[in-house]
Participant: 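The structure under discussion is supplied below as structure tokens; questions concerning it will follow.
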Amino acid sequence: MQQTEKVLNAFGNKVVNTARGILNAQGKNASGDLGSSLGYVVHVYDSGAIEMDFVAMGYADIVDKGARGSKSSAKAPRSPYKYTNKQPPANVIDKWVVRKGLKSVRDSKGKFIKRKSIVFAIARSIKLYGIKPSNFFSDAFNVAYRELPKQFIKAYANDAQKFLKFVSKEIN
């Protein structure tokens, strides 16, 4: 299964690299943690079965598919995720605000607004209106997948042919 494994490794690399590029282009990789957590694992079993899994941080799926808000689903109408009772944790939003360089500001009356208030407002907005999907992984996967079937079939056929030659030598 060497050729098949090579094709799947090339496919995995393409998906991961494209997904990282999309994340960075959309500004969705503030700390860099999500992009560096992207990866894949190809496992070829003795039986000839092949398994491929993509891995990422736990919140990658929400960034990819978005989340519907408790008040409106307009940003992510088809997302399987929805905010209902709870809003995102303030400490996570606070770290994001710091990384993005959002400073405390003044309102229309000139009154100073603390970062803590900005963090609460952002978290509440996410809860009420949701998160727009980035499709960083879905798009990367779909683009790479369109090219995979022909390569995969050819590699798998070559590996099967090698296996059959090996088996026929063992029988004779």
Participant: Would you say Tyr145 and Ile50 are hydrophobically clustered, going by side-chain heavy atoms of ILVMFWY under 4.5 Å?
Facilitator: yes
Participant: When you measure from the side chain of Asp107 to the backbone of Lys111, do you find a donor-acceptor pair of N or O atoms at a distance under 3.5 Å?
Facilitator: yes
Participant: Given Tyr83 and Ile131, is the side-chain contact (heavy atoms from CB on, under 4.5 Å) satisfied, shown in steps?
Facilitator: CA-CA 10 Å; Tyr83 286 100; Ile131 300 170; 3.7 Å; yes
Participant: To the nearest 0.5 Å, what is the distance between CG on Leu34 and CG on Asp64?
Facilitator: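 So the CG of Leu34 and the CG of Asp64 are separated by 9.5 Å.
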Participant: Looking only at atom types and distance, does a side-chain atom of Ser73 sit under 3.5 Å from a main-chain N or O of Arg68, one as donor and one as acceptor?
Facilitator: no
Participant: Does any N or O in the side chain of Asp53 come within less than 3.5 Å of the main-chain N or O of Val41, such that one atom is a donor and the other an acceptor?
Facilitator: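 Not confirmed, Asp53 side chain does not pair with Val41 backbone.
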Participant: For the OG atom of Ser125 and the CD1 atom of Ile122, what is their distance to the nearest 0.5 Å?
Facilitator: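 It comes to 8.0 Å.
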Participant: Is Leu23 close to Gln26 at the side-chain level, that is, under 4.5 Å between some pair of heavy atoms?
Facilitator: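 Sidechains of Leu23 and Gln26: no contact.
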Participant: Are Leu128 and Ile126 linked, directly or through intermediate hydrophobic residues, by side-chain heavy-atom contacts shorter than 4.5 Å (ILVMFWY only)?
Facilitator: no
Participant: Ignoring hydrogens, what is the shortest heavy-atom contact between Phe54 and Gly12? Give both atom names and the distance.
Facilitator: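 Scanning both residues completely, I find the closest heavy atoms to be CE2-CA, 4.0 Å.
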Participant: Is there a donor-acceptor contact under 3.5 Å from the side chain of Arg20 to the main chain of Gly35?
Facilitator: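 Yes, the answer is positive, given that a donor and an acceptor are paired below the 3.5 Å cut-off.
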Participant: Between Leu8 and Val143, is there shared hydrophobic-cluster membership here, with clusters defined by ILVMFWY side-chain heavy atoms closer than 4.5 Å?
Facilitator: no
Participant: Starting at CE of Met52, measure out to CD of Glu5 and round the result to the nearest 0.5 Å.
Facilitator: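 Atom-to-atom, Met52:CE and Glu5:CD are 10.0 Å apart.
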Participant: To the nearest 0.5 Å, how far apart are CZ in Phe11 and CG in Asn13?
Facilitator: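 Between atom CZ of Phe11 and atom CG of Asn13 there are 11.0 Å.
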Participant: If you define the side chain from C-beta out and look only at heavy atoms, does anything of Phe120 sit under 4.5 Å from Ile93?
Facilitator: no
Participant: Thinking salt bridges, do Lys65 and Asp61 make one under a 4.0 Å N-O criterion?
Facilitator: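 Yes, charged N to carboxylate O under 4.0 Å.
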Participant: Work out which heavy atom in Ala30 is nearest to a heavy atom in Lys100; give both atom names and the distance.
Facilitator: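 The answer is CB-CE, 4.2 Å.
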Participant: Taking everything shown except Arg124 itself, do over 12 heavy atoms lie less than 6.0 Å from its CZ?
Facilitator: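 No, CZ of Arg124 has 12 or fewer neighbouring heavy atoms, counting only those of other groups under 6.0 Å.
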Participant: Would you say Ile62 and Tyr129 are hydrophobically clustered, going by side-chain heavy atoms of ILVMFWY under 4.5 Å?
Facilitator: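 Each belongs to a different hydrophobic cluster.
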Participant: From Lys95 NZ over to Ser31 OG, what is the distance, rounded to the nearest 0.5 angstrom?
Facilitator: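 Spacing of NZ (Lys95) from OG (Ser31) equals 9.5 Å.
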Participant: Looking at Ser134 and Val63, would you say the former's side chain and the latter's main chain have a donor-acceptor pair under 3.5 Å?
Facilitator: yes
Participant: Tell me whether Tyr59 shares a hydrophobic cluster with Val55, the cluster being built from Ile, Leu, Val, Met, Phe, Trp, Tyr side chains joined at under 4.5 Å.
Facilitator: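 No, no single cluster joins them.
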Participant: Give a yes or no on whether the ring-centroid distance for Tyr40 and Phe141 is below 6.0 angstrom.
Facilitator: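 For Tyr40 and Phe141, the ring centres are not under 6.0 Å apart.
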Participant: Is there a side-chain contact between Asp33 and Met57, using heavy atoms and a 4.5 Å cut-off?
Facilitator: yes
Participant: Give a yes or no answer on whether the side chain of Ser36 reaches the backbone of Gly32 with a donor-acceptor pair at less than 3.5 Å.
Facilitator: yes
Participant: Using a 6.0 Å cut-off, check whether atom NZ of Lys28 has over 12 heavy atoms from anything other than its own residue.
Facilitator: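 Atom NZ in Lys28 is crowded, with more than 12 foreign heavy atoms closer than 6.0 Å.
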Participant: Arg115 versus Val98: any side-chain heavy-atom pair under 4.5 Å?
Facilitator: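 Sidechains of Val98 and Arg115: in contact.
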Participant: Counting N and O atoms only, with roles assigned by atom type, does the side chain of Thr18 sit under 3.5 Å from a partner on the main chain of Lys14, one being a donor and the other an acceptor?
Facilitator: yes
Participant: Just so I know, are the side chains of Leu38 and Phe136 near enough to count as touching, which here means a heavy-atom distance under 4.5 Å?
Facilitator: yes
Participant: Which heavy-atom pair separates Ala19 from Ala140 by the least distance, and what is that distance?
Facilitator: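 For Ala19 and Ala140, the tightest heavy-atom pair comes out as N-CB, 3.5 Å.
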Participant: CD of Gln87 to NZ of Lys127: how many Å apart, nearest 0.5 Å?
Facilitator: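 Those atoms lie 6.0 Å apart.
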Participant: To check you understand the geometry: which heavy-atom pair defines the closest contact between Gly66 and Ser79, and what is its length?
Facilitator: O-OG, 2.6 Å
